[in-house]
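Here's the structure, in structure tokens; my notes come after.
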Number of protein chains: 2
Amino acid sequence: MSSPIPNTEEELLAKASSLYGKRIGEIADALNLCVPPNQKNKKGFVGELIELSLGGYKRNKNLPLPDFENLGIELKTIPVIDGRPTESTHVCSAALKRSAGEHWKNSRVFRKLEKVLWVPIQADPRIELSQRVVGRSFIWSPSTEDEKILRSDWEEHVELITLGRFAELHGERGEYLQIRPKGRNSNSKGLSTSELGESAITQSRGFYLRKSFTAKILKYACLL
Amino acid sequence: MSSPIPNTEEELLAKASSLYGKRIGEIADALNLCVPPNQKNKKGFVGELIELSLGGYKRNKNLPLPDFENLGIELKTIPVIDGRPTESTHVCSAALKRSAGEHWKNSRVFRKLEKVLWVPIQADPRIELSQRVVGRSFIWSPSTEDEKILRSDWEEHVELITLGRFAELHGERGEYLQIRPKGRNSNSKGLSTSELGESAITQSRGFYLRKSFTAKILKYACLL
DNA sequence: TCGGATCCACACCTGGATCCCG
DNA sequence: CGGGATCCAGGTGTGGATCCGA
């Protein structure tokens with residue numbers, strides 16, 4: 001049904017590269033999957049398709065571990081038109097229950113972004129989903145300067161969470177990394193705790209990379 | 001579909017008392033619910049039926065709050081034959097992820113048992129479920145001595161959890177309060193952490209009141 | 001008998017993302 | 001355009017308990 005787990009970074013990248021130019025429909029056929037007519041009710045379809053195709057078995061679903069744990073690599077598909085991302089990129093959910101003493105280096109955000117396999121996917125809405133093609137994949141890690149800004153953004157968000165100032169958590173904060181609502185819908189609430197240990201019911205949220213940042217990543221990759 | 005939320009303890013008790021002598025089938029009819037032929041695949045049916053019937057909307061489902069939060073009262077149905085319970089009584093799940101500094105007075109066990117509305121249910125297996133009748137409900141709180149023993153049992157269990165000695169958590173410990181497996185099945189595992197922050201995968205467990213203890217509660221109530 | 005095993009419901013949480021209105 | 005809203009899958013956790021084999 002799906003491919004074996006790649007054992008090395010080179011193997012994973014080679015597999016991803018072999019998808020270059022292939023259509024979503026072809027890749028789905030090979031796995032005996034049907035392509036939905038559109039992504040409205042199957043928003044995660046392409047991401048899961050590519051992960052299956054590369055041998056990611058979803059073994060680490062719901063765990064704060066990279067998709068390819070043995071390699072320490074996270075897979076991200078990214079919708080692209082003319083070399084530019086059309087959407088921001090979800091990183092992970094934001095834990096509003098504060099566990100004291102979280103640091104950048106062991107945060108979920110850092111662990112997800114430490115090493116990423118980016119797989120660009122054609123996103124032109126005029127093209128039927130099954131006919132869209134896969135672009136050139138590449139492995140990326142944040143530069144020292146990228147990491148500095150990501151960390152600074154992260155710390156700004158986390159501070160607000162720690163202080164229980166949830167109302168100030170909105171999408172306008174953060175240069176590269178923003179925080180936005182995330183959940184089943186706007187009624188999707190979760191239990192949160194402030195620094196004082198008070199409990200509250202708060203809208204669930206997630207961390208996202210801004211398009212402006214992922215655009216930089218894609219552009220740099222093209223120059224390689 | 002279901003009754004309004006009772007506003008006072010008296011109102012709640014009066015409602016529960018009005019169920020005295022009624023059959024499960026009658027109560028279910030009034031809520032347009034069907035009674036399953038047996039409880040094997042609907043083990044929680046009676047408990048949920050009575051809760052609905054008393055105006056507990058399940059608002060606090062999955063939260064560590066009493067069923068009737070406004071009154072601080074937890075509802076427990078208890079299967080009875082000849083005035084004696086036929087089963088032990090589930091209290092709450094046992095958190096195997098240790099949060100340091102948990103105390104008896106703010107433990108889930110204490111908060112669940114601080115004040116309980118007991119609703120006895122006829123449990124004779126020779127009588128069809130829909131024909132079984134509701135007994136005399138009563139509100140109970142642990143006596144000083146009860147609480148002393150419950151607390152001592154609780155502390156014994158919690159100490160083992162804190163020390164990560166999960167293998168020693170078995171059903172024979174505890175005079176009134178025992179700890180037993182609880183979950184989908186014996187493969188139902190969860191992440192646990194010891195005091196030292198070690199992680200482990202452990203069988204999920206729950207706290208239960210022994211039959212011998214609930215028998216005492218029922219007997220005392222009959223003398224009132 | 002009773003300690004271990006099991007059964008259902010359902011909200012929550014995380015991971016996969018894209019949709020859509022002002 | 002971008003921040004807020006939404007959609008699916010599926011594991012986990014809690015609450016409601018009773019079943020069952022040695």
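Note that this is a predicted model, so its numbers are computed, not measured. So you know, we letter chains A, B, ... as the sequences are listed, proteins then strands, and number each from 1.
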(message) For a quick test of reading the model: is some side-chain N or O of R173(A) closer than 4.0 Å to OP1 or OP2 of dG3(D)?
(response) no
(message) I need the CG-C1' distance between L49(A) and dG16(C), as an integer number of Å.
(response) 12 Å
(request) Among the candidates dT14(C), dC19(C), dA17(D), find the nucleotide nearest to the side-chain atoms of R108(A). (result) dT14(C)
(message) Which is more 5' along DNA chain D, the nucleotide nearest Y208(B) or the one nearest G44(A)? Just name the residue.
(response) G44(A)
(request) Ignoring the backbone of K42(A), work out which of dT18(C), dG15(C), dA9(D) is nearest its side chain. (result) dA9(D)
(message) Does dA17(C) have OP1 or OP2 under 4.0 Å away from a side-chain N or O of T77(A)?
(response) yes
(message) Quick check for you: among dG16(D), dC2(C), dG3(C), whose closest atom lies nearest to any side-chain atom of E172(B)?
(response) dG3(C)
(message) Taking any heavy-atom pair under 4.0 Å as a contact, classify G171(B): base, sugar-phosphate, or nothing.
(response) sugar-phosphate
(request) Among dC8(C), dG16(C), dA5(D), find the nucleotide with the atom closest to the side chain of N41(B). (result) dC8(C)
(request) Please determine, for the side chain of H170(A), which listed nucleotide (dA17(C), dG4(D), dT18(D)) has the closest atom? (result) dG4(D)
(request) Take the C1' atoms of the five end pairs on each side of the helix from dT1(C)-dA22(D) to dG22(C)-dC1(D), derive the two axes, and give their angle rounded to 10 degrees. (result) 10°
(message) OP1 or OP2 of dG15(D) versus the side-chain N and O atoms of S93(B): is any pair under 4.0 Å?
(response) yes
(message) Given dA9(C), dC2(C), dA5(D), identify the nucleotide with an atom nearest to the side chain of R184(B).
(response) dA9(C)
(request) Under the salt bridge (charged side-chain N to carboxylate O under 4.0 Å, His left out) rule, what do R210(A) and E175(A) come out as? Steps first, then yes or no, please. (result) CA-CA 8 Å; R210(A) 288 187 183 281; E175(A) 187 176 344; over 6 Å; no
(request) Would you state whether a donor and an acceptor, one from the side chain of K43(A) and one from the base of dT6(D), lie under 3.5 Å apart? (result) yes
(request) Using a cut-off of strictly less than 4.0 Å, decide whether K182(B) has a side-chain nitrogen or oxygen near OP1 or OP2 of dG13(D). (result) no
(message) Closest approach to the side chain of E51(B), judged atom by atom: which nucleotide of dG16(C), dG16(D), dC8(D) is it?
(response) dG16(D)
(message) For R173(B), I'd like to know if atom CZ has over 12 heavy atoms of other residues, nucleotides or ligands within 6.0 Å.
(response) yes
(request) Determine the contact category for G206(A): base if any of its heavy atoms lies under 4.0 Å from a base atom, sugar-phosphate if only primed atoms, P, OP1 or OP2 are that close, otherwise nothing. (result) nothing
(message) Is the phosphate of dG3(C) approached by Q178(B) (side-chain N or O, under 4.0 Å from OP1 or OP2)?
(response) yes
Check nucleotides 20-22 of chain D against the protein and report each pair of N or O atoms closer than 3.5 Å, with its distance, or say if there are none.
{"unit_1": "dC20(D)", "atom_1": "OP1", "unit_2": "K40(B)", "atom_2": "NZ", "d": "3.2"}

(request) Specify the residue among A94(B) and L75(B) whose closest nucleotide of DNA chain D lies further upstream toward the 5′ end. (result) A94(B)
(request) Determine: side-chain N/O of K112(A) to OP1/OP2 of dG16(C), distance under 4.0 Å, yes or no. (result) yes
(request) Verify the distance criterion only: is there a donor paired with an acceptor across the side chains of K216(A) and Y176(A) at less than 3.5 Å? (result) yes
(request) Would you please say whether a donor-acceptor pair under 3.5 Å links the side chains of Q203(B) and R205(B)? (result) no
(request) Report yes if a side-chain nitrogen or oxygen of S88(A) is closer than 4.0 Å to either non-bridging phosphate oxygen (OP1 or OP2) of dG2(D); otherwise report no. (result) no
(message) Checking contacts here: which listed nucleotide (dC10(C), dT18(C), dG4(C)) is nearest the side-chain heavy atoms of R180(A)?
(response) dT18(C)
(request) Would you mind telling me which of dC7(D), dC10(C), dG16(D) lies closest to the side-chain atoms of D67(B)? (result) dG16(D)
